[in-house]
Amino acid sequence: MPAPVRIPETIALGFATVKSSWGRIRHLFGVPEHAPPWRDRGAAVVTSLIGIFVVVVVSQATKGNDIASSSLWLVGSIGASAVLVFGVPHGPLSQPWAVLGGHGVSAIVGIVVAHAAGGGPFAAALAVAAAIGAMHVMRCIHPPGGATALAAVMMTTAGRVPSWQYPLTPVLLNAATIVVAAIVLNAPFAWRRYPIAWAFPHPQTVRQESLGHEPPFTREQLDVALRELGSVVYISDDELQALYQSLRRQQTWRGIAAADLRVGAYYSNGSNDSAWAVRRIIYAGEPGERDPTLIVKTVAGNGLGAVDSVAPDDFAAWSAYEVEPSISAWQRADAPA
């Protein structure tokens with residue numbers, strides 16, 4: 001039998017080391033691993049342009065004639081809201097209740113603090129902190145709300161104490177306008193309709209034979225998992241279900257053909273239990289042989305160290321996908337289209 005073909009591992013491990021180091025740097029700075037498709041980015045830019053234009057026009061048309069009211073007809077924090085409702089319309093922080101409730105309760109907190117404590121550093125800090133607490137209680141966390149509360153104190157510091165109508169106009173007027181604009185402008189795009197309930201409507205009661213597959217986990221199980229995680233995942237339950245189902249479909253995907261097997265490459269069976277293994281092809285018979293044979297070595301997982309002779313078709317049926325070695329774990333080298 002010919003000597004096993006050995007592929008230099010130093011180069012592969014060197015590339016893996018550089019890739020892993022860059023990955024750690026990205027993780028440290030919080031650079032996202034995944035970006036939305038270009039069609040979504042383009043839609044976000046166009047809809048936000050139109051949306052903010054509508055907010056400005058409506059706010060200008062409804063501002064009062066007196067100096068006090070006409071000097072404040074648009075809150076700057078509405079620009080941050082535009083980033084959310086047009087940039088990430090399915091995010092929990094972008095939903096109508098978050099926008100309206102977050103701005104509304106923060107404006108109330110800001111105006112109360114401004115009238116009670118005036119301006120200054122402590123009043124500014126108190127307004128933002130109290131707004132965060134109020135949004136948590138009301139379950140309407142909306143980051144621009146902090147700026148809405150802070151704006152009331154900053155105006156007081158500048159000598160322009162906002163009136164008690166501040167929460168209604170311009171704040172809620174601006175917030176309501178941008179919510180309506182987001183609903184209308186995102187509606188033509190099926191994949192980003194706003195609010196998220198329009199993209200993932202709750203199923204209606206149908207006949208038993210027409211029922212779909214049960215969801216991969218229940219909301220109660222999700223609650224337990226989030227408590228164990230000890231953090232908040234800013235993705236809707238519906239999107240998380242859809243994401244999980246998509247990942248499971250990919251995990252069960254079988255895309256290795258016998259003709260695509262390569263000497264020196266590593267393959268995983270994709271198992272999630274003790275049967276998991278990674279095997280490397282160290283020899284392949286000559287093309288055209290009557291009974292071609294692969295010599296494979298188990299390099300990780302179940303049967304570690306075993307060397308076996310396997311028919312290409314059998315090995316292809318066992319393999320789920322190709323993997324590559326890295327510093328901390330095997331990395332999947334391919335992906336389904």
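Just so you know, residue 1 is the first one in the sequence shown, and it goes up from there. The structure presented is a predicted model; accordingly, all values stated were derived computationally and were not measured.
- When side chains are defined from C-beta on, Pro89 does not count as touching Ile196, because their heavy atoms never get closer than 4.5 Å.
- Within a 6.0 Å radius of CZ in Arg41, more than 12 heavy atoms belonging to other residues, nucleotides or ligands are found.
- When the options Val179, Asn174, Ile78 are evaluated for a side-chain contact (heavy atoms from CB on, under 4.5 Å) with Val99, the one that passes is Val179.
- Distance check, rounded to the nearest 0.5 Å: CG of Asn302 to CZ of Arg279 gives 9.5 Å.
- Judged by distance alone, with hydrogens and angles left aside, the side-chain atoms of Trp97 form a donor-acceptor pair with the main-chain N or O of Met138 at under 3.5 Å.
- Chaining together hydrophobic side chains whose heavy atoms lie under 4.5 Å apart places Val57 alongside Phe53.
- There is a path of hydrophobic side-chain contacts, each under 4.5 Å, that joins Val299 to Tyr321.
- The two residues His142 and Gly102 come nearest to each other via the heavy atoms CB-CA, 4.1 Å.
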- Could you please spell out the steps behind the side-chain contact (heavy atoms from CB on, under 4.5 Å) verdict for Phe86 and Ile178? CA-CA 10 Å; Phe86 296 116; Ile178 202 166; 3.9 Å; yes

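- Every residue two or more places apart in sequence or in another chain that forms a side chain to side chain contact (heavy atoms under 4.5 Å, CB included) with Val56 is listed here: Ile52, Gln60, Trp73, Leu74.
- Here Val153 is tied into one hydrophobic group with Val109, Val113, Phe122, Leu126, each link being a pair of ILVMFWY side chains closer than 4.5 Å.
- Under the 4.5 Å side-chain heavy-atom criterion for ILVMFWY residues, a single connected hydrophobic cluster contains both Leu185 and Trp198.
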- Query: Passes side-chain contact (heavy atoms from CB on, under 4.5 Å), Arg262 versus Tyr267? Steps please.
  - Reply: CA-CA 10 Å; Arg262 300 182 297 110; Tyr267 298 91; 4.0 Å; yes

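- When all heavy atoms of Gln95 and Pro195 are compared, the pair lying nearest together is OE1-CB, 3.3 Å.
- Ser94 places a side-chain N or O within donor-acceptor distance of the main-chain N or O of Leu84, the cut-off being under 3.5 Å.
- In terms of heavy-atom proximity, Gly118 sits nearest to Thr156 at C-CG2, 3.7 Å.
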- Apply side-chain contact (heavy atoms from CB on, under 4.5 Å) to Trp276 and Asn269, showing your working. CA-CA 6 Å; Trp276 172 78; Asn269 61 354; 3.7 Å; yes

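- The structure places CD of Glu322 at 10.5 Å from OH of Tyr266, a figure rounded to the nearest 0.5 Å.
- In this structure, Trp318 and Val310 have side chains that are not in contact, with every pair of non-hydrogen atoms separated by 4.5 Å or more.
- Ala277 approaches Thr298 most closely through the heavy-atom pair CB-CG2, 4.3 Å.
- For the residue pair Pro162 and Ala152, the shortest heavy atom distance occurs at CD-O, 3.7 Å.
- Contact between Gly110 and Ala127 at its shortest, heavy atoms only, is CA-CB, 4.5 Å.
- You'll find the side chain of Trp191 stays beyond 4.5 Å of the side chain of Asn186, heavy atoms only.
- Annotation: side-chain hydrogen bond (donor to acceptor under 3.5 Å, both in side chains) contacts of His103 (sequence neighbours excluded): Ser81, Thr148.
- Summarising the hydrophobic clusters (Ile, Leu, Val, Met, Phe, Trp, Tyr; side-chain heavy atoms under 4.5 Å, direct or chained), the residues clustered with Leu172 are Leu168.
- Other residues sharing a hydrophobic cluster with Trp38 under the 4.5 Å side-chain heavy-atom criterion for ILVMFWY residues do not exist; the residue is a singleton.
- Cluster annotation: Tyr166 is connected to Leu100 through the hydrophobic network of ILVMFWY side chains, with a link wherever side-chain heavy atoms come within less than 4.5 Å.
- In the hydrophobic clustering of this structure, Val161 does not group with Ile111; members are Ile, Leu, Val, Met, Phe, Trp, Tyr whose side-chain heavy atoms approach within less than 4.5 Å, directly or through other members.
- Side-chain contact check for Arg192 versus Thr47: some heavy-atom pair is nearer than 4.5 Å.
- The same ILVMFWY cluster, assembled from side-chain heavy atoms under 4.5 Å apart, contains both Trp164 and Leu173.
- Partner of Lys297 under the side-chain contact (heavy atoms from CB on, under 4.5 Å) criterion, chosen from Asp308, Val307, Leu304, Ile281: Val307.
- Looking at Arg193, its side chain does come within 3.5 Å of a backbone N or O of Ala187 through a donor-acceptor pair.
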